[in-house]
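See structure below.
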Amino acid sequence: MGAVVVVGTHWGDEAKGKLVDILCQEADAVIRYGGGPNAGHTVQFAGTQYKFHLIPSGVLTPGVISIMADGMVIDPWTLTEEINALVAKGIDVSGLRISQNAHVILPYHRDLDMHEETARGKAKIGTTGRGVGPCYADKASRVGIRMGDIINPARLRERLEQIIPLKNAILKHVFQADTYTVDGIIKQLSIVTETLAPYICDTQALAHDLMDAGSKILFEGAQATMLDLDGGTYPFVTSSHPISGGATIGTGIPPTAISQVLGVVKAYTTRVGSGTFPTELLDERGDRIRERGHEYGTTTGRPRRCGWLDAFALKHSVRVNGLTGIHIGHLDVLAGFDEVQICTGYTRGDAALNRFPSGDVQLLDGCEPVFETLPGWDEAGVENATSYDELPTNAKAYVARVQELAGVPARFVSVGPGREQTFQLPDSPSAADLFSI
Ligand code: GDP
Ligand code: IMO
Ligand code: MG
């Protein structure tokens with residue numbers, strides 16, 4: 001039984017949550033392996049919309065174990081709110097498990113995120129302001145607090161007594177900001193510890209038990225390939241490893257356990273925050289995509305930058321993630337254009353690049369996208385479709401071209417946010433079969 005990873009192919013918000021929700025109908029466990037409350041995953045079914053920042057989207061599927069693994073950074077207050085909101089909606093969260101090794105986002109991480117952004121001035125990253133970067137920085141500097149610490153009062157105090165003076169020195173002397181006390185942080189944590197304690201455990205051991213039992217495991221990627229700390233468009237990236245490799249680092253599950261990696265692609269490309277975006281549309285076409293696609297951030301409400309699909313970046317994503325298939329969504333949003341464009345490559349000066357300049361943001365800055373034009377498709381055609389075959393011919397031609405440029409098969413397409421608006425492609429393995437390939 002092979003594990004399946006779902007990853008975003010570009011700069012996030014590709015609809016990973018929705019695909020995870022669909023695949024979860026066939027899975028035994030879903031694991032989020034990285035990131036924190038910077039993520040916003042939306043799932044819509046039975047007329048209700050659910051927005052997840054920390055909890056895996058799979059929690060909506062009864063009987064599925066939903067693991068928040070080692071690689072995550074967790075804001076315990078946001079998590080408690082998310083649990084309470086789900087319970088209020090009648091969702092059973094008893095399958096939730098939180099890694100004792102996941103790092104805790106504390107109030108000073110959020111403060112530092114904000115102060116560091118302000119200090120960057122024009123060079124700001126446009127972070128989500130959730131304290132994610134400073135928390136990962138503390139993890140790497142080995143001055144982090146882990147979820148296991150918050151249920152061990154003696155250890156929590158001992159760690160905070162070492163760490164708080166360091167943080168206060170920075171807050172006070174670098175940013176002239178308010179400081180924290182150990183007792184104050186412990187008091188704030190005590191408000192949520194009781195709610196979270198039952199879920200905190202050794203999730204590596206749990207994941208290994210699940211593997212031994214032959215369970216069907218799904219990894220829910222957060223953020224996306226171009227935001228990867230190492231391989232993304234640094235420094236305009238997040239601080240974790242959203243790529244498929246992150247699934248093993250963030251969970252303790254070995255790479256050999258993974259058999260399928262599905263890339264979630266939008267029929268166009270979006271980006272939130274700063275950084276070069278070669279296919280960005282700064283005219284009414286970008287506005288049209290934003291309004292039709294409701295392209296406003298789930299986490300921050302910021303308008304997302306919109307542009308034509310960057311298939312050159314997609315090709316790179318296929319390589320670094322080892323994609324075995326893709327989901328192409330939001331075909332309904334592109335409907336109504338007479339013509340649509342796809343970026344097939346970049347030029348710099350007179351020269352064509354032979355590969356995506358990953359990690360070299362200065363090189364990327366000077367690139368011009370090369371576009372190919374395809375005929376558009378009508379709105380009624382996608383709205384009324386109930387299967388892939390019923391899609392307008394031009395929409396299917398678009399899917400075929402994206403597949404060709406990516407070099408991997410499209411497994412699913414979507415024409416709307418609902419579960420029933422996602423169609424499997426003919427000859428593609430079913431969601432259930434994906435776990436046994
Ligand atoms: P994620 O972060 O990758 O999980 O994606 P988000 O949830 O942040 O953003 C995707 C948005 O698109 C959500 O509001 C979804 O409900 C919505 N969505 C998903 N698939 C489709 C689709 O095919 N068409 C349209 N119009 N919206 C979709
Ligand atoms: P999902 O999982 C889109 C972006 C931020 C910013 C950069 C760094 O919903 O796809 P951070 O707060 O992580 O330090 O911000 O990364 N970013 C996302 N953009 N979707 C996300 O998550 C993102 N998570 C982080 O906008 O540019
Ligand atoms: Mg999102």
Side-chain angles (χ1 to χ4, degrees), residues 6-22 32 34-45 48-54 56-57 72-73 75 105 109-110 112-114 116-117 124-137 220-229 232-240 242 263-275 277 289 291-305 327-335 379 382-383 385 395 412-423:
V6 169
V7 288
T9 50
H10 288 82
W11 283 281
D13 304 322
E14 295 89 351
K16 299 173 290 291
K18 188 196 60 177
L19 184 62
V20 165
D21 171 60
I22 289 167
R32 242 195 81 179
N38 47 353
H41 296 181
T42 317
V43 176
Q44 195 170 305
F45 83 98
T48 309
Q49 195 181 58
Y50 300 86
K51 292 182 181 206
F52 298 99
H53 297 289
L54 286 161
S57 310
M72 287 191 71
V73 289
D75 179 325
I105 298 181
H109 292 126
R110 286 194 298 265
L112 289 169
D113 198 352
M114 187 185 75
E116 286 168 11
E117 274 287 84
K124 74 172 182 173
I125 295 166
T127 72
T128 58
R130 297 296 190 266
V132 168
C135 185
Y136 276 117
E220 176 170 346
Q223 289 71 55
T225 307
M226 300 297 155
L227 292 172
D228 188 87
L229 180 59
T233 48
Y234 190 93
F236 302 106
V237 293
T238 190
S239 302
S240 60
V264 188
V265 189
K266 261 180 187 160
Y268 47 92
T269 297
T270 61
R271 178 167 201 179
V272 210
S274 321
F277 177 10
I289 292 174
E291 294 317 312
R292 281 182 63 88
H294 309 291
E295 292 293 356
Y296 293 88
T298 313
T299 302
T300 58
R302 289 178 291 179
R304 295 177 183 148
R305 300 158 65 193
H327 163 286
I328 306 173
H330 295 77
L331 285 168
D332 53 313
V333 177
L334 275 199
E379 284 148 300
V382 278
E383 272 162 24
F412 304 94
V413 297
S414 282
V415 294
R419 277 182 189 169
E420 67 296 340
Q421 289 169 303
T422 297
F423 311 134

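Counting starts at 1 for both ligands and their atoms, following the listed order.
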Starting from atom 5 (C) of ligand 2, which protein heavy atom do you reach first, and at what distance in Å?
G126 O, 3.6 Å
Distance from atom 12 (O) of ligand 2 to nearest protein heavy atom, with residue and atom
T128 OG1, 2.6 Å
With no hydrogens and no angle check, do the side chains of N38 and T238 hold a donor and an acceptor under 3.5 Å apart?
yes
Any atoms of ligand 1 less than 4.0 Å from a non-hydrogen atom of R304? List them with their elements.
8 (O), 9 (O)
For S239 and G133 the tightest heavy-atom approach is OG-CA, 3.3 Å
Compute the angle centred on the Mg ion (ligand 3) spanning O of G40 and OD1 of D13, and express it rounded to 10 degrees.
160°
Here the atoms of ligand 1 under 4.0 Å from any heavy atom belonging to V333 are 26 (N)
List the closest protein heavy-atom neighbour of atom 27 (O) of ligand 2: residue, atom name, distance to the nearest 0.1 Å.
V272 O, 3.1 Å
of all protein heavy atoms, closest to atom 22 (O) of ligand 2 is Q223 NE2, 3.4 Å
For ligand 2, is any non-hydrogen atom under 4.0 Å from T300's backbone (N, CA, C, O), its side chain (CB onward), both, or neither?
neither
So, is S239 polar-close to ligand 2, with some N/O to N/O distance under 3.5 Å?
no
among protein heavy atoms, the one nearest atom 16 (O) of ligand 1 is P417 CB, 3.3 Å
For atom 10 (C) of ligand 1, what is the closest protein heavy atom, and at what distance to 0.1 Å?
D13 O, 3.7 Å
Selection from G418, G416, A267 by shortest heavy-atom distance to atom 21 (C) of ligand 1
G416
re atom 8 (O) of ligand 1, the protein heavy-atom contact at minimum distance is G40 O, 2.8 Å
Has K16 got any heavy atom lying under 4.0 angstrom from an atom of ligand 2?
yes
Take a 6.0 Å sphere around CZ of F45 and say whether it holds more than 12 heavy atoms from other residues, nucleotides or ligands.
yes
Atom 20 (N) of ligand 1 sits nearest the protein heavy atom K18 NZ, 2.9 Å
How long is the straight-line distance from CG of L19 back to CZ of F412, given to the nearest 0.5 Å?
6.0 Å
Do K266 and E295 sit within salt-bridge range, that is, some charged N less than 4.0 Å from a carboxylate O?
yes
Should D113 be counted as touching ligand 2, given the test is an N or O pair under 3.5 Å?
no
Indicate yes or no: does an N/O atom of H41 lie under 3.5 Å from an N/O atom of ligand 2?
yes
What is the nearest protein non-hydrogen atom to atom 13 (O) of ligand 2, stated with its residue, atom name and distance?
T238 OG1, 2.6 Å
Using a plain distance cutoff, I'd like to know if Q44 has any nitrogen or oxygen under 3.5 Å from a nitrogen or oxygen of ligand 1.
no
In terms of heavy-atom contacts, K18 and P417 come closest through CD-O, 3.3 Å
Using 0.5 Å steps for rounding, measure from the CE atom of M72 to the CD1 atom of I105.
8.5 Å
Where does H10 meet ligand 1, judged by heavy-atom distances below 4.0 Å: at the side chain, the backbone, both, or neither?
neither
Nearest protein heavy atom with distance in Å, relative to atom 12 (O) of ligand 1:
H330 NE2, 2.9 Å
Protein heavy-atom partner closest to atom 24 (N) of ligand 1 - residue, atom, separation in Å:
D332 OD1, 2.8 Å
When you compare the side chains of S57 and E220, does any donor N or O come within less than 3.5 Å of an acceptor on the partner?
yes
Contact (N/O only, under 3.5 Å) between G133 and ligand 2
no
Numbering as shown, the atoms of ligand 2 that approach G273 to under 4.0 Å (heavy-atom distance)
27 (O)
For Q49, is at least one N or O under 3.5 Å away from an N or O on ligand 1?
no
Side chains of S414 and R419: donor-acceptor distance under 3.5 Å anywhere?
no
Any side-chain donor near an acceptor of the partner, D13 and T270, under 3.5 Å
no
For atom 15 (O) of ligand 2, find the nearest protein heavy atom and state the residue, atom name and distance (0.1 Å precision).
T127 CA, 3.3 Å
If you measure every N or O of G329 against every N or O of ligand 1, does any of those distances drop under 3.5 Å?
no
What are the atoms of ligand 1, with element, lying closer than 4.0 Å to any heavy atom of E14?
3 (O), 5 (O)
N/O separation below 3.5 Å, S274 to ligand 2:
no
Heavy atom under 4.0 Å from ligand 1: found in L331's side chain, backbone, both, or neither?
neither
Is there a polar contact, in the sense of an N or O pair closer than 3.5 Å, between G12 and ligand 1?
no
Residue H41 vicinity, atoms of ligand 1 by number, heavy atom under 4.0 Å
1 (P), 2 (O), 4 (O), 7 (O)
So is R302 close enough to ligand 2, meaning a heavy atom under 4.0 angstrom away?
yes
Please state which option from V264, N38, L227 has its nearest heavy atom closest to atom 17 (N) of ligand 2.
L227
Residue-ligand contact W11/ligand 2, heavy atom below 4.0 Å:
yes
Which protein heavy atom lies closest to atom 8 (C) of ligand 2, and at what distance to 0.1 Å?
V237 O, 3.3 Å
min-distance protein heavy atom vs atom 5 (O) of ligand 1 -> A15 N, 3.2 Å
Nearest 0.5 Å, what's the NE2-NE2 distance between H41 and H53?
10.0 Å
Measure the distance from atom 20 (N) of ligand 2 to every protein heavy atom, then report the residue, atom name and distance (to 0.1 Å) of the closest one.
D13 OD1, 3.2 Å
Rounded to the nearest 0.5 Å, what's the gap from OG1 on T128 to CD on E117? Could you check?
9.0 Å
With heavy atoms of G17 as the reference, note each atom of ligand 1 found under 4.0 Å away.
4 (O)
